[in-house]
Amino acid sequence: MLGTVRTLWRYPVKSMLGEELAEADVTRRGLRHDRRIALVHRETGKIASAKNPRLWRDLLTLSATVGDAGEAGATGAGEPPVRIALPDGRTLLATDEKADAILSALLGAPVRVAHTPPPGATLERSKPEEVLAAGIDAEVGHDETEIGTGAPDGTFFDFAPLHLITSATLAHIAELSPRGTVEVERYRPNIIVSVPTEPPTPGAPTPSPAFPENAWVGRHLHIGDELTLHILATTPRCAIPTLAHGPLPRDTHALRVPATHNRVEPHPGMGPQPCAGVYARVVRPGHVRQGDPVRLGETASTGSDLN
């Protein structure tokens, strides 16, 4: 056994703060209700993402949670309502007819709540090390990237439907950070895997190396009794981990540490990038809960996760 599921997170509205879960269903579209909604700029048609912190970092002052299907605000398709908590303590249903106007005023840009992405949807990803050098208010270079190229159609994921990170990676970043800690929320994973990090006692699992997820790429990962994932790539980190997240302060070392100690190439042609965690595609859906065993499986064959 590789480890166990420490906890789960989902983010019902893209780039807003999310909610921790004890258990969840995982479909081929990821954790149920994860990134179900996004904000779209009404003039440019681009997805609002804190990956461009100069424009969109205030998304991280908002948080989103999923209600029950029987509550007011549920969609006509029977989907439970998404509630958005505003900085002043008010809450707003994503389906509220005033939502677009209220969110536009808060963010200082004309946005609309979108339940499906526009055709060819893109977002702006500021070059993270330029953000480190120039600051979050500076106009720095950016890449315009198409979303969801590793995910099912009609989703708002940056790349793939699931993002995982281990306790070993978080502990190593914390150890190398001047703060001596780093918060998991900064990396916005869906599944946090607890792996051994202490010196082994007789019969105990061998401690994991720093950034152990790097070695999972191309393999299957089995979680609990049902869920099987195909690990597609290491996760290149943008500027988001450095930003304030609700009450959490800015922390540039959340990016500086991976930039110094874990530069790997996530995809051919990208060149080495600061990475922490991995992206995954769902091979076999299933229910997952805290404490479920996590096992590293066989190398994934071409097309094996597309059936």
May I ask you to decide if [Y]'s main-chain N or O and [X]'s side chain share a donor-acceptor pair within less than 3.5 Å?
{"X": "Ser104", "Y": "Asp100", "answer": "yes"}
{"X": "Glu265", "Y": "Gly269", "answer": "yes"}
{"X": "Asp96", "Y": "Leu93", "answer": "no"}
{"X": "Gln290", "Y": "Leu21", "answer": "yes"}
{"X": "Arg57", "Y": "Ala50", "answer": "no"}
{"X": "Thr235", "Y": "Val278", "answer": "yes"}

Is [X] salt-bridged to [Y], going by a charged N under 4.0 Å from an acidic O?
{"X": "Lys46", "Y": "Glu144", "value": "yes"}
{"X": "Lys127", "Y": "Asp143", "value": "yes"}
{"X": "Arg90", "Y": "Asp88", "value": "yes"}
{"X": "Lys51", "Y": "Asp158", "value": "yes"}
{"X": "Arg6", "Y": "Asp292", "value": "no"}

Would a hydrophobic clustering, with Ile, Leu, Val, Met, Phe, Trp and Tyr connected at side-chain separations under 4.5 Å, put Leu8 with Leu162?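 Leu8 and Leu162: one cluster.
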Would you indicate whether Glu20, at its atom CD, is surrounded by more than 12 heavy atoms from other residues, nucleotides or ligands within a distance under 6.0 Å?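 Yes, the 6.0 Å shell around CD holds more than 12 heavy atoms from other groups.
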Near Glu298 CD, under 6.0 Å, is it more than 12 heavy atoms from other residues, nucleotides or ligands?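 More than 12 within 6.0 Å, yes.
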Is the His230-Tyr279 ring centre distance short of 6.0 angstrom?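 His230 vs Tyr279: aromatic centres not under 6.0 Å.
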With a 3.5 Å cut-off and no angle check, do the side chains of Thr169 and Glu213 form a donor-acceptor pair?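 Indeed, the side chains of Thr169 and Glu213 share at least one donor-acceptor pair under 3.5 Å.
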Stacked cation flag Arg188 on Tyr11, 6.0 angstrom / 45 deg: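 Yes; both conditions hold, so Arg188 lies above the ring face of Tyr11.
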